[in-house]
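Since the structure comes first, as structure tokens, the remarks are kept for the end.
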Amino acid sequence: MKGLLLDLDYYSEEDRPIIRMFFKGEDENFVALDDSFSPYFYVMPDGPGETDSGPEEVRERILGADFGKIGVVDVEKEEKRLFGDTITVLRVVLNHPQDVPKIRDGIRDIEGVKAIYEHDILFVRRYLIDRGLVPLSWVEVEGEWVDGGVVKVDSIKPVKPGDGGAGVPPGVSGLSVLAFDIEVYNPKGAPRGESDTDAIVMISLASNTGIRKVITWKRPVGNMDFVEVLDSERAILKRFADIVAENDFDVLAGYNTDNFDFPYIKKRLEKLGMELPLGRDGSGIAIRGRKGLPEVKITGRVHIDMYPIIKKSVRLSSYVLENVVRDVLGIEKEKIPGDMLWKFWDEGRENFERMIRYSMEDAEVTLKLCEKFLPRYCELARIVKQPLHDISRMTTGQLVEWLLMREASRGGEVIPNRVSGREAARRREDSYMGGYVKEPRKGICENLAVFDFRSLYPSVVVTHNIDPSTLIKSGERGEEGGKDGECDENRAPGLEYCFSRRREGFIPAILENLIERRMEIKERLKKMAAGDKVDTVDVRMLDVEQYALKILANSFYGYMGYPRARWYRKECAESVAAFARMYIKKVMTVAREEFGFEVVYGDTDSLFIVVPKEDRGRAEEFLKAVNRSLPGSIELEYEGFYKRGIFVTKKRYALIDEDGKVTVKGLEFVRRDWAPIARRTQQEVLTALLKGAPPKEAAKIVRDAIEDIKNRNVSLEDITIYTQLTKSISAYKNVGPHVVAAKRLMEHGREVAPGMVIGYVITRGMKGISERAMPVELVDIQDYDPEYYIDNQILPANLRIMEAVGYSRGYLKEGIRQESLSKWF
DNA sequence: CTTAGCCGGGG
DNA sequence: GTGTACGGCTAAG
């Protein structure tokens, strides 16, 4: 049998674990059971000279120890490596994964036991590693059919060993995906599943197989052909499960479904005393609690929560679904506040229909988000070779770690242990110098060429062989350091560390492989582009794959400096940063001293130089010369040309290219919790300066805004600040302006609930700012405080930029032109 | 200035 | 389930 491995788990039968794998077959789906795999871990005995115990004695003690009812199946001596050093370990084999914690703790106390390794590796993940299997890839299963669609495994292997991508179907990897969303009746604020009133009133569904449907239990007045009306909450829940089962979806997807939808459905099922067979084996919703973060598993299908995926994939100020789809899909979608939905349900008519459309859209955009982001995670699952469910919830550090764990295990390396919370906290204190950021030449400059290093950090790791096993600290050289000079030539600049080149380090070897795979794919893509294959399925898949490889490769440096990493080595991360600083400074020096370019700015791996049009040829020469002198895979690349730029401080600048496209970095204080007039003014100032207006024109924009505020020539909208009420009013210890405004709303008989966005205006008076906040619904525009809007809104938003072009606070505010400055403009 | 504690998304 | 987040922000110290 051949199948695409979707997910796997294990269950117990007569004290033995049975691995259960769910496959999407070429024709029919099937399940494979493997009872042949046993859990194990490693014991490291004391080394020679440390005690009298050798591996043999420790082996005998373990075999002879009494662990109560459970026992050790086998103990075998093995040669392995730990951080590159050869060591002797004992492989302790047990019957059941749940025996591991008990026996591990018993063995710790046995004399001559120095350390225990690989005792915390989840059973199914260990199975995937040891059998060399790859999720979402084709697997060859031989065995005997024991039941309808269930095969008992005799042998199992990847169709093409080592190649995750063999014959993988296109799109969201050929998987059938159902996106869903529930709406809840919550008249008392936060919905409580155990309450009689807070029922699930609507379930909307959108699939990549063409389903588009809202199931509810109240009939809309108008004709809405995608609505299916049943008679109760119970009925819509059952219908949901029926649709899942009939279509046998591979993936169930939602937004924040780990945290809300599935746990809520589960609560309602308990309340209603019903079971809902959502899993492929007829099982229900299984919630696993990671500390403070639940994770929902639906057996045999992959449950994807898009919220954690989006959070890791795009940087946004808010991950509210409407905000996400606006930013990443360009779709404007209506938001109905959570405290309005129950009213819309009660009101019926137009508002109820609005609610139905809102719910439908939620499922539809969730499906779209899946189509956009899931392929990347499918690819990561194939590269890291762990289940999609887990991969989609991992941080990049965890992805790197599981990749390393598989490579270590299959290459004869013992996997290092995780550290305690206390040790991780201690490591967090170990700070070191990061990237080099040049202080910018503040103000406006024209004709900027920008260069950056291609994947600088990964290249440094590979080129300088940076790895825990190759690290030699000064004074610890001796035999490991080899003959004098071997190490010195590979010394981290300014540090007492160097890296042996005698053998390739574990991490550089894996990283080099990832980089090479990515380069091969990029070559293939280049050829395809040349051959007119521009937007085919193949091109899109390869592009996703190279991007997934890039994400992983770029995470290795951070991983070595990540306090909880099994392969944490501060000296390595520190050295990578030191080499990178050396390279960026070196190219800056070459640009300045050998080519006479002015270096305006640079951050970590980039440099910005002034290149007048007639000098562009020399800029190319500079690039070539620099690259001739750089070692290994370290390479500087041309990023682009910009007509003009404004540099405010380190990491805060704006650029405009020759097509008029504006890039703004770091000026992030332009946020929704600022008054529109401040945001708009800053935007206008930046744009004017970038388009080449003289600074005095920009100053006039600020002056005009200030005059408008003074003269009360502003609209209420211009001065309204919005902040979300995140909890109930009484729960706030510190009463901010939006809380004060909310209180005033309440005093006027308005209902106020957590989640509401409060709009307020700061009014005149003697008290603190918060006390002067009035809800926009109740304020008289005449009462607003011009000084607040000038001093706390307009000036902070614009002063930093205007100071960079020579203006002072005094001039902007009072119109006082400073003598020393007047000659400049 | 540092530290402790809360919050996110969802309705 | 051979497990126990995390990074950002603010109020408090």
Side-chain angles (χ1 to χ4, degrees), chain A residues 9-12 17 38-42 92-105 116-127 181-193 195 198-202 254-265 286 288-295 297 305-312 315-324 335-345 355 358-359 362 366 390 393-398 415 417-418 421 424 428 562-564 724 726-727 731-736 753-756:
Chain A
D9 60 8
Y10 84 94
Y11 63 93
S12 305
S38 293
Y40 64 90
F41 56 84
Y42 294 109
V92 178
V93 183
L94 307 178
N95 254 320
H96 196 278
Q98 286 172 354
D99 297 344
V100 172
K102 294 169 216 159
I103 296 203
R104 168 237 282 156
D105 293 342
I116 301 178
Y117 290 100
E118 306 194 14
H119 53 81
D120 59 351
I121 298 172
L122 301 187
F123 192 58
V124 295
R125 293 190 184 170
R126 167 57 92 192
Y127 178 83
D181 179 43
I182 66 170
E183 309 305 329
V184 167
Y185 187 79
N186 57 322
K188 292 185 179 150
R192 294 153 307 146
S195 138
D198 293 8
I200 295 169
V201 293
M202 223 175 256
Y255 196 76
N256 205 22
T257 34
D258 270 336
N259 230 321
F260 181 74
D261 299 60
F262 271 133
Y264 202 85
I265 292 171
R288 294 184 190 171
R290 289 188 310 182
K291 203 175 187 176
L293 225 235
E295 210 176 86
K297 283 222 80 172
D305 185 346
M306 288 309 294
Y307 170 59
I309 289 183
I310 297 294
K311 235 174 133 184
K312 284 175 287 187
R315 208 184 142 74
L316 298 173
S317 54
S318 151
Y319 294 90
V320 175
L321 188 54
E322 289 71 22
N323 198 38
V324 169
K335 166 76 182 170
I336 302 178
D339 58 329
M340 293 297 287
L341 285 165
W342 68 276
K343 292 181 193 160
F344 284 17
W345 170 266
M355 176 177 175
Y358 159 80
S359 184
D362 271 5
T366 303
D390 303 358
R393 290 164 176 82
M394 283 181 187
T395 61
T396 48
Q398 291 168 312
I415 298 169
N417 282 327
R418 302 186 55 173
R428 224 163 283 131
Y562 167 53
R564 311 186 79 97
Q724 195 183 33
T726 55
K727 46 191 175 184
Y732 279 90
K733 281 184 203 151
N734 252 40
V735 183
M756 257 176 88

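We name chains A, B, ... by the order of the sequence lines, and we start the count at 1 in each one.
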Which part of the nucleic acid does [X] contact within heavy-atom distance under 4.0 Å: base, sugar-phosphate only, or nothing?
{"X": "A:F41", "answer": "nothing"}
{"X": "A:D198", "answer": "nothing"}
{"X": "A:D362", "answer": "sugar-phosphate"}
{"X": "A:I121", "answer": "base"}
{"X": "A:D261", "answer": "nothing"}
{"X": "A:G254", "answer": "nothing"}
{"X": "A:Y255", "answer": "sugar-phosphate"}
{"X": "A:I336", "answer": "nothing"}
{"X": "A:V100", "answer": "base"}
{"X": "A:R393", "answer": "nothing"}

[X] side chain, from C-beta outward: closest of [options]:
{"X": "A:V320", "options": "B:dG11, B:dG9, C:dT2", "answer": "B:dG9"}
{"X": "A:L321", "options": "C:dT2, B:dG11, B:dG10", "answer": "B:dG10"}
{"X": "A:R418", "options": "B:dG11, B:dG9, C:dT4", "answer": "C:dT4"}
{"X": "A:N259", "options": "B:dG11, C:dT2, B:dG9", "answer": "B:dG9"}

With sequence neighbours left out, what residues match [X] under side-chain contact (heavy atoms from CB on, under 4.5 Å)?
{"X": "A:D198", "answer": "A:N186, A:P187, A:P191, A:R192, A:S195, A:Y264"}
{"X": "A:N256", "answer": "A:N259, A:F260, A:D305, A:Y307"}
{"X": "A:P97", "answer": "A:Y10, A:P17, A:P39, A:F123"}
{"X": "A:D105", "answer": "A:R108"}

Find the distance [X]:[atom1] to [N]:[atom2] and express it as a whole number of Å.
{"X": "A:N95", "N": "C:dT2", "atom1": "CG", "atom2": "P", "value": "15 Å"}
{"X": "A:N256", "N": "B:dC7", "atom1": "CG", "atom2": "C1'", "value": "13 Å"}
{"X": "A:D390", "N": "C:dT4", "atom1": "CG", "atom2": "P", "value": "15 Å"}

Problem - Separation between the C1' atoms of B:dG5 and C:dA5, rounded to whole Å - result: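 Looking at atom C1' only, B:dG5 and C:dA5 are 16 Å apart.
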Practice task
Take atom P in B:dG9 and the same atom in C:dC9, then report the distance between them in whole Å.
Solution key: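 Those two atoms are separated by 12 Å.
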Protein and nucleotides 5-7 of chain C: nitrogen or oxygen contacts under 3.5 angstrom:
from: C:dA5; atom 1: N7; to: A:K291; atom 2: O; distance (Å): 2.9
from: C:dC6; atom 1: OP1; to: A:Y562; atom 2: OH; distance (Å): 2.7

Problem - From OH (A:Y185) to NZ (A:K343), nearest 0.5 Å - result: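 So the OH of A:Y185 and the NZ of A:K343 are separated by 10.5 Å.
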Practice task
Quick one: list whatever passes salt bridge (charged side-chain N to carboxylate O under 4.0 Å, His left out) with A:R393, sequence neighbours left out.
Solution key: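 Per chain and number, A:R393 pairs via salt bridge (charged side-chain N to carboxylate O under 4.0 Å, His left out) with A:D258.
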Problem - C:dT2 OP1/OP2 closer than 4.0 Å to side-chain N/O of A:Y10 - result: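 Checking A:Y10 against C:dT2: at least one side-chain N or O falls below 4.0 Å of OP1 or OP2.
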Practice task
Using only side-chain N and O atoms of A:Y358, determine if any of them is under 4.0 Å from OP1 or OP2 of B:dG11.
Solution key: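 For A:Y358, the contact criterion (side-chain N or O under 4.0 Å from OP1 or OP2 of B:dG11) is met.
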Exercise for the section: Mark yes when over 12 heavy atoms from residues, nucleotides or ligands other than A:K188 sit less than 6.0 Å from its NZ; otherwise mark no. Expected result: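 No, not enclosed.
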Exercise for the section: Using atom types as modelled and distance alone, determine if a side-chain donor or acceptor of A:N417 lies under 3.5 Å from a backbone N or O of A:I116. Expected result: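 Side chain of A:N417 to backbone of A:I116, a donor-acceptor pair under 3.5 Å: yes, one is there.
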